[in-house]
Amino acid sequence: MVDRDELLSLYEQMAVIRRTEKAAHDLFLQGLVKGTTHLAAGHEAIAVGASAALHDDDYVFATYRGHHHALARGATPEECLAELMSRATGLCGAKGGSMHLTKAATGMLGSYAIVGAHLPMAVGAAWSARLRGTGQLAVAFFGDGATNIGAFHEALNLAAVWKLPVLFVCENNLYMEYTPIADVTAVAHPAADRAPAYGIPGEVVDGNDVVAVRETVARLARRARAGDGPAIVEAQTYRHFGHSRADPAAYRPAEEVERWLKHDPLDLARGRLVELGVRPETVTAADDRARAVVEKAVEAAKAAPGPDPSEALTDVWADGGAAWRT
Amino acid sequence: MVDRDELLSLYEQMAVIRRTEKAAHDLFLQGLVKGTTHLAAGHEAIAVGASAALHDDDYVFATYRGHHHALARGATPEECLAELMSRATGLCGAKGGSMHLTKAATGMLGSYAIVGAHLPMAVGAAWSARLRGTGQLAVAFFGDGATNIGAFHEALNLAAVWKLPVLFVCENNLYMEYTPIADVTAVAHPAADRAPAYGIPGEVVDGNDVVAVRETVARLARRARAGDGPAIVEAQTYRHFGHSRADPAAYRPAEEVERWLKHDPLDLARGRLVELGVRPETVTAADDRARAVVEKAVEAAKAAPGPDPSEALTDVWADGGAAWRT
Amino acid sequence: MADVTAERAAGTREITYREAVAEGIAREMRRDPAVVCLGEDIGEAGGVFKTTAGLFKEFGPERVWDTPISEQAIVGAAMGAAMTGMRPVAEIMFSDFLACCWDYLANEIPKVRYMTGGQVTVPLVVRTANGGGLGFGAQHSQATENWALTIPGLKIAAPSTPADVIGMMAAAIRSDDPVVFFEHKGLLATKGAPAPPGHQVELGRAAVVREGADVTLVALASMVPVALKAAELLGADGIDTDVVDLRCLVPLDVATVLASLARTSRLVTVEENPYQGGWGATLVSVVADEGFGLLDAPVRRVAGECVPLPFADALEERVIPTVDKVVTAVRTLAAY
Amino acid sequence: MADVTAERAAGTREITYREAVAEGIAREMRRDPAVVCLGEDIGEAGGVFKTTAGLFKEFGPERVWDTPISEQAIVGAAMGAAMTGMRPVAEIMFSDFLACCWDYLANEIPKVRYMTGGQVTVPLVVRTANGGGLGFGAQHSQATENWALTIPGLKIAAPSTPADVIGMMAAAIRSDDPVVFFEHKGLLATKGAPAPPGHQVELGRAAVVREGADVTLVALASMVPVALKAAELLGADGIDTDVVDLRCLVPLDVATVLASLARTSRLVTVEENPYQGGWGATLVSVVADEGFGLLDAPVRRVAGECVPLPFADALEERVIPTVDKVVTAVRTLAAY
Ligand SMILES: Cc1ncc(C[n+]2csc(CCOP(=O)(O)OP(=O)(O)O)c2C)c(N)n1
Ligand SMILES: Cc1ncc(C[n+]2csc(CCOP(=O)(O)OP(=O)(O)O)c2C)c(N)n1
Ligand SMILES: [Mg+2]
Ligand SMILES: [Mg+2]
């Protein structure tokens, strides 16, 4: 199980994510973030719990709802917010935006905005790890909605046949954009119930319990690294904001929202910390640090310069350029 | 169960298919069929047994290995062979070829050469039948190899969610082109074992037993028409020729080939006919009729004219033309 | 095409392009019970761009179907339904996602009629939100009408005004041929005259939306207002431009372009597609052949840069054609 | 490009284009352990076109991987592997099937470097059998290099000779950028000089394969022999053609084309793509701008008809460019 210090650290990471998402939301409403955002407030325990079970050199592939994964895998709030605010100091130099947060240097190999597309990529990264004999693992995080797209099926089967060290972690937040996943899926657990179709384990876990997520991912990661093949984790969770931008999520029943808000990953972790005998002041101090980090990040991102327009014509090719003709 | 006369008729249909395929093979080797062919000798019982369970106005969607379905759904050997031989009298006026045999007038809505692509189409036809309230059923026939492609997954889930009157009939002949399906699939029954992922029935049947196929399809068709949704049938079979063209299928163990050749759908049906008390001469007479039909078809197809080259520029649009600009 | 100008003037209450999409579909659904819609979040939610707002309420769940995130199933099912008596209108949320069901657009829908020797028709519409300029990044911002142009057998509509949306939607849904219908995200909030009852705009009929004698500007969808704005600025400079709104890529109205060129002798195309493989290339290549004798100057294409779409405004503006770029191109050409 | 001619002459034992594919891959696999192959039936079976024959035997199952029929998984996995230190060579059996994984070619592979601000590279090759003329029908016969041309961020190679196959395969596999490598089905059985050890042909370098003063013919892949044959016939008529083998669409060697045009003042492109959206359109549009002053006559594109590919020979010949059609086009132009 988890010890106090570690749990406190996980808690603080979650607090940083929560505050970063809140900041992103406010900045969007202030017109400082353009395009769109898909906030992960509510999903923190999945990113943090899973990342805690990974090695530093493992690979993570995430979706347009990927701020939490970037942060859990080594990106700073400042880098993330700067990207959202179109700053040159952003993670991707303002070329990617909210949907494409990436920090390759720390194994966060990208956020992809086409539902399901990154699952085969994660399979490929796991294949590569095996070919290179590095013991690395790849993890793909994705939404419940991704379980009905073709790439999901192809990725799962290939990973299973080749027995690759890859985990498929579904963040089941009950909804796609505005439509309940239950309305358009033939089985109750859109991810886990598909595992038998690939002869692999599929586990359902409380995605708001950082300890449970960490434990489940760690166990299946060990199994995968040992050569026993991939697995599906279906982490049940709920998003605190709407799907994207200013979506008020009016399509969700009030009772359901309330029930889930009471099952907040931060509250759960706080409860566990208290059970472990951590003092309230210690938790509050972590909260304060998180707030301070994010506040500083917002200010720094605001102060950073925008990208030089000439950057638009760089980085298509490995030589740094964009020439397509002589 | 099946009565004598019906079984005799099914037998004769299978015999016609067998001989048509043999003729296609010989014509290919003579250089009279160009491009490619994918022969269905060995698969006859699936097409004939399933078609026997369908209504005249049901829809069938098949693959590049689709001669048997075209024949079982009302195309004549002459129309099919003429198409293969690039004759104007071919089913598709020599525009389609072996891989695209289609007879829309009798509900044979086409043979498609991109693996898996026609499964969603069959779902759409079933959806259409339901919207129009016609009581029609749609059936997609496909190979074992198609079970690992994305369109399979998307089609199955949508059909299940909308509870559509569509059946998915897999002709599992153990191989894709040259690679055994078992080498690249995570479960033992590539089609049937996936059924639970869509909450629908998945049944394995002896695909060389025309009676068993008819019975299984009839039962699941009734269920689907009654509004209880789609089902998967995995019909186990074996192809007598190689995958396509002149493939000698050397990748198949001799013992396996032998075992399957002993389990020939025509022999099985013949055995059942004898059990039902049909006299050998009656069966021979059916064989003779089949031979005569196909011999005549070969001659007629040979004698038919080729297409007028100007036909190349017709039938892109519904108005019969091909103009893309003013 | 004086009628367009007339229509624009005739309107009393202006409507948005977004409203026009839903209105265009609704008119056809009222007229023909074979018209059904399917797509992600198009039902009660009214579509993520609200371009199907009101349809679910008016027509109910048997006419407006929410689907899983399964682009292949959506378009493949639409195809099967179209082959069997329905007139489906399938939504692919962003045109970038056409890549997820490209097999249906490239290999199935446009070919089945031909390869069956004319045995079937596929009267369907695939509607999709197209184009950039909104900071949606590389995977949600492409103008992909040129992808469809590489495929014989697809009709391609890309209206620039609310009235055209309604008129072309009517034509598209009534068409017995498959139509890919590009709704430009950057135009959704724009307003224009409403369309009269029964309004139809024949597919393949370009509109001369401004008449001028010096240079022909040919544009499509969101580039039409860009071209018109440039024409206005150029007019102040004494350069008089003809502006042609192509409206469709297939059928391609070459005749209208050549007729304009006969007056102006100079051609600039304005397209959001990247230069490499953009629609302007096909048009220019026809002109360089059949219109060569009409040309007094090089032909210039103002097109997207050959890079993915970047996120930041400052970068995106560098990539997508702007009024400035059009003005510069026309000036250079007029001076040739 | 005298070197090409020299190479062609230098060979002793001729090899087939088909053999050259396997040889080209094998040379790189011997050189670099990061090169791995994946695809359907490419292992023990040696590929349905036998273009990977011998690789499994030489390199074994840890370097040559048979896959399920899962085009998205093949190309998606290749992408993930390329991003993490490998140099995968993925086979998509027929280029028509690129439509089944188009998302990876259109939205993922060519964009990930750019949209991450240059954080990653994707050094992979997607090889595919391309083109028609063999009676494979509408879904197995397309020349789809123009699909790739619509997507910035992909390099596009389409060799016409065995030596070029080897040289360009080396360049493609060593490239840190993604390359789509089109192997023409109609050329597989053709023979040519072998490539010397270490042979590389830089991507984006066209070859002038015949020199002439009257008309420039620009062709690609299987259209190169068609253009050469036409040139031969035209030569007998006293029309002297320059023939440029483009070799790649991206990078596009416009300089070589313009240099040729400076000599001939007349241009005909010969492409298997349908006229609408074919690669010739992009090239011609550049020429109609930058090369306008060089042109003495209209530019003509001999391209595929805008229809799906029909099955019967008699019909397919009507659709795909033939020597006759090229000869006619050049004659008309020379007489202009
Ligand atoms: C292929 C594809 N289809 C549709 C979309 C549009 N879209 C973006 S997010 C989304 C909902 C995804 O739901 P889910 O997978 O449950 O993830 P969540 O947003 O709930 O985290 C949809 C339909 C897309 N990005 N890609
Ligand atoms: C999407 C796609 N990928 C690959 C192919 C090439 N191909 C044609 S048939 C075939 C094998 C199919 O095997 P299976 O589904 O078992 O059908 P069978 O031929 O055995 O009847 C393959 C790989 C194709 N036509 N379409
Ligand atoms: Mg969700
Ligand atoms: Mg098979």
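First the proteins, then the strands, lettered A, B, ... as listed; each starts at 1.
In this structure, the portion of C/Val319 lying under 4.5 Å from any heavy atom of chain A is its side chain and not its backbone. Residue contact with chain A, scored on non-hydrogen atoms closer than 4.5 Å, involves the backbone and the side chain of C/Ile69 alike.
Chain C forms the most heavy-atom pairs under 4.5 Å with one residue out of A/Ala250, A/Gly145, A/Ala323, and that residue is A/Gly145. Of all the listed residues (C/Pro68, C/Pro310, C/Pro308), the one sharing the greatest number of non-hydrogen pairs under 4.5 Å with chain A is C/Pro68. The greatest number of non-hydrogen atom pairs below 4.5 Å with chain A, out of C/Ala73, C/Cys306, C/Ala314, is found for C/Cys306. In terms of non-hydrogen atom pairs under 4.5 Å with chain C, the most contact-rich of A/Ala113, A/Ala146, A/Gly93 is A/Ala113. Between chain C and the residues A/Ala151, A/Gly96, A/Gly306, the most heavy-atom pairs under 4.5 angstrom are made by A/Gly96. In terms of heavy-atom pairs under 4.5 Å with chain C, the best-connected choice from A/Ile149, A/Ile181, A/Val115, A/Val184 is A/Val184.
For the atom pair SG (C/Cys100) and CD1 (A/Ile114), the distance works out to 5.0 Å, reported to the nearest 0.5 Å.
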Polar pairs (donor with acceptor) under 3.5 Å from chain A to chain C:
unit_1   : atom_1 : unit_2   : atom_2 : d
A/Lys34  : NZ     : C/Phe311 : O      : 2.7
A/Lys34  : NZ     : C/Asp313 : OD1    : 2.3
A/Ala94  : O      : C/Ala312 : N      : 3.0
A/Lys95  : O      : C/Phe311 : N      : 3.2
A/Ala113 : N      : C/Gln139 : OE1    : 2.7
A/Asn148 : O      : C/Ser70  : OG     : 2.8
A/Tyr178 : N      : C/Asp41  : OD1    : 3.1
A/Thr179 : N      : C/Asp41  : OD1    : 3.2
A/Thr179 : OG1    : C/Asp41  : OD1    : 2.6

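Residues C/Val307 and A/Ala322 come closest through the heavy atom pair CG1-CB, 3.8 Å.
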